[in-house]
Q: 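Okay, handing you the structure first.
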Amino acid sequence: MSVANCYLPWEAEIVERTQETPDIFTWRLRFTDPEIARQYTFQHGQFNMLYLYGVGEVAISVMSGDGSSLLHTIRAVGRVTQAMMDLRVGDRVGVRGPFGRGWPLFDARGQDIVFVTAGLGCAPVVSSIRYVVANRPDYGRLVIMQSVRYRHEALWAPQYDAWRGLPDTQVLLTSSRDKTRWPLWELGRVGVLLDQADYDKNNCYVMMCGPDQMLRDTAKTLIEKGVPGPRVFVSLERNMQCAVGHCGHCQMGGKFVCKDGPVFPFPEVAALMETEGF
Amino acid sequence: MAEVPRYFPRARLAELISVVQRAGFRVIGPRVDQGALVYREIDGVEDLPQGLTDEQAPGHYRLAANGTQRHFSWANGMSAIKPFVYAPRERLWRVDRDTHGIHFRPLMSIAPRTAILGVRACDLSALILNDAHFLRNLYPDPYYRLRRENLLLIAVNCSHAASTCFCASTGDGPEVSGGYDLLLNELEEGYLVHSGSPSGDEILQKLATARPSRRQLDQARHQLDACRQQQRAMPPAPRLTGLMSRLDHPSWDAVAEQCLACGNCTAVCPTCFCHREVEAPALDGQSSVHRRDWDSCFNEDHSYLVGMLVRPDIKTRYRQWMTHKLATWQEQYGRSGCVGCGRCTTWCPVGIDFVAQARRVLEDEA
């Protein structure tokens, strides 16, 4: 963002709205200033600060698109996002961004790509999965592993079915709290999928998002299995208010997650993820 | 003190203040307020403390007469100069709503040209750290910049160290080494004055000054030497990074038993930068102001994430404050975030001694 005031949002219009699940919705936004719409670009894994009039801002990862068609998938969980769920097509919001360091998709060309996600939606990696799918010849094997609590929460399930049919692509799904095992689904946490994944451990990039504990445990397991630590990337979540490294809330040791992350090579944050309180 | 300073007698301090005022600055200086020294606007020399010194100890601050005519024979007051560049409450922008949409505009308040008289070495060091955080950043802060660019800094070398001071050990004082427009050394009978910038030169040219005597120069040097003999010493910065390998040390539990998590330490710290963003919608529903207020890592919601707190207890919050200030700050800005002013110790209502606590974790009883 090259404007002088990094705190000032731009106005954007909600041009399309999709209710994905009872508490998850997707906005398609368009900057109302055509110049901003034209200039806006982002990297996969970066986030925007979305502002709701009179309520406040919230950090949401960019799903896909560009300045005239920007997709954000939002889960209504907090004060701001719950109020955002009431907005309709045509309503205006504020957007500033993009912020942070994204996924290493450029460096990862020619390598096997492993995505591991846990939790609902996991929008931070979906945009990257789509990018790899769209640029399939640039990458080796593609392995997508996701765990959800309940199968019905698997927001991107239709896409998983489509991706499963791609060449050299594996989609592995598990639900941790369901009682019934469905076809193509495992029961349990994401760890149960790791042994089924088929990829070249020495020539791969792993990109993960989910709760800290899952990221830490999975990263350690993958490294034990032989994946080099610097090839394992995690997208972290912390309290972000300013998004520009000023407000201090997202600090993790010496890192500002908003501008040094949110995507980190696991070794950069491994030690602090072992200790409660960072 | 590289070049030879100039000298003026105490009676002429009033003239310095009026020269600065006539140059278009409001003058902020130390004033006694509710029994403590604070930086507030002053009209003239009569508003400054005189013949007062500060007695500081963990959880203790008292002003006492010391029988001199001096205006600056104290170590420091409650707040540093941070509030004049990084405002405790800063309005960032306003949004207006009409039938066409919502319209954002920045609220860049016009920062008055501000001279601060009596700036200490520790506070100038802290200002350099504030600059590093807010300006030498991928996203320079326009609000901070506006206030910072309108500052005239009149520093005064310390002649008196409080028992809580440890700037000599952090390398930040008691002698001012740079970053000022004018620098004073207060003597029994008057002031030595240096200029450190073109703005300082301009002020100094308008002031009647004389060549100081050898005795006056000696007096200034002896005062500073005496001031270097401080009762507390923070371990050196390389040693402080060791805090991060002692995150399980039992003394974190012990300090958590004492700490009230009140945030006094972070409020008086000259380098703490945390703030929260706050939305204040107007009652008529047509506009809203977005602002930032100082926050503290001791507040429960500082580490709030949906459904959880990263730092749910006082132990992890105290540990965050200390490890950030002394250890991980070095990773961020190339040095420790502590300038040795001792305010966190003085203004702690339960008297937690920051230096002693760091030493306990490091098991360094020197």
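Lettering follows sequence order; numbering is per chain, from 1.
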Q: B/Glu277, B/Arg311, B/Arg317, B/Gln330: which one forms the most heavy-atom pairs within less than 4.5 Å of chain A?
A: B/Glu277
Q: List the steps and the verdict of side chain to side chain contact (heavy atoms under 4.5 Å, CB included) for B/Glu331 and A/Lys255.
A: CA-CA 8 Å; B/Glu331 186 186 329; A/Lys255 309 278 186 235; 3.2 Å; yes
Q: State, with a plain yes or no, whether a side-chain heavy atom of A/Phe278 is found less than 4.5 Å away from one of B/Thr323.
A: yes
Q: Looking at B/Leu92, B/Val95, B/Asp301, which has the largest count of heavy-atom pairs under 4.5 Å with chain A?
A: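 Most heavy-atom pairs within the cutoff with chain A belong to B/Val95.
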Q: When you compare the side chain of B/Arg319 with that of A/Thr275, does any pair of heavy atoms fall below 4.5 Å?
A: yes
Q: Select, from B/Asn137, B/Asp313, B/Thr316, the one with the greatest count of heavy-atom pairs under 4.5 Å involving chain A.
A: B/Asn137
Q: With chain A as the partner, which of B/Phe134, B/Trp329, B/Trp294 has the greatest number of non-hydrogen pairs under 4.5 Å?
A: B/Phe134
Q: Taking B/His103's backbone N and O only, do any of them form a donor-acceptor pair with A/Glu11's side chain (distance below 3.5 Å, no angle check)?
A: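 Judged by distance alone, no pair lies under 3.5 Å.
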Q: Kindly assign one of parallel, tilted or perpendicular to the pair B/Tyr143 and A/Tyr7, based on the angle between their ring planes and the thresholds 30° and 60°.
A: perpendicular
Q: Looking at B/Arg246, I'd like to know if its CZ atom is crowded, meaning that more than 12 non-hydrogen atoms belonging to other residues, nucleotides or ligands lie closer than 6.0 Å.
A: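 More than 12 heavy atoms, drawn from other residues, nucleotides or ligands, come within 6.0 Å of this atom.
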Q: When only pairs under 4.5 Å are counted, which of B/Leu138, B/Asp248, B/Asp141 shares the most heavy-atom pairs with chain A?
A: B/Asp141
Q: Heavy-atom distance under 4.5 Å to chain A: side chain of B/Leu305, backbone, both or neither?
A: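 Contact with chain A: side chain only.
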Q: Can you tell me which portion of B/Met244 sits under 4.5 Å from chain A's heavy atoms? Options are side chain, backbone, both or neither.
A: side chain
Q: Among A/Gly56, A/Cys247, A/Gly248, which has the most heavy-atom pairs under 4.5 Å with chain B?
A: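 Result: the option with the highest number of such pairs is A/Cys247.
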Q: Does any non-hydrogen side-chain atom of B/Ser288 lie less than 4.5 Å from one of A/Tyr51?
A: yes
Q: Are any of the side-chain heavy atoms of B/Tyr144 and A/His246 separated by less than 4.5 Å?
A: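 Side chain of B/Tyr144 against side chain of A/His246, heavy atoms only: no contact under 4.5 Å found.
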Q: If you count heavy-atom pairs under 4.5 Å with chain B, which of A/Ala271, A/Pro9, A/Gly94 comes out on top?
A: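 Heavy-atom pair counts peak at A/Pro9.
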Q: For B/Arg292, which atoms come within 4.5 Å of any heavy atom of chain A: side chain, backbone, both, or neither?
A: side chain
Q: Given that the side chain runs from C-beta out, which part of B/His324 has a heavy atom under 4.5 Å from chain A: side chain, backbone, both or neither?
A: side chain
Q: Let me know which of A/Glu237, A/His249, A/Arg238, A/Gln251 forms a side chain to side chain contact (heavy atoms under 4.5 Å, CB included) with B/Val310.
A: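 Per the side chain to side chain contact (heavy atoms under 4.5 Å, CB included) rule, the option paired with B/Val310 is A/Arg238, out of A/Glu237, A/His249, A/Arg238, A/Gln251.
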Q: Please identify, among A/Met240, A/Glu13, A/Glu276, A/Lys259, the residue contributing the most non-hydrogen atom pairs under 4.5 Å to chain B.
A: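 The option with the most such pairs is A/Glu276.
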Q: Could you tell me whether the side chain of B/His275 reaches within less than 4.5 Å of the side chain of A/Gln241, counting heavy atoms only?
A: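 With C-beta onward as the side chain, the pair stays apart.
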Q: Would you mind telling me which of B/Cys297, B/Gly101, B/Gly307, B/Ala327 has the largest number of heavy-atom pairs within less than 4.5 Å of chain A?
A: B/Gly101
Q: Between B/Thr328 and A/Met252, is any pair of side-chain heavy atoms under 4.5 Å apart?
A: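 Result no, sub-4.5 Å side-chain heavy-atom pair not found.
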Q: Tell me whether B/Tyr139 contacts the main-chain N or O of A/Asn5 through its side chain, where contact means a donor paired with an acceptor under 3.5 Å.
A: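 Answer holds: no.
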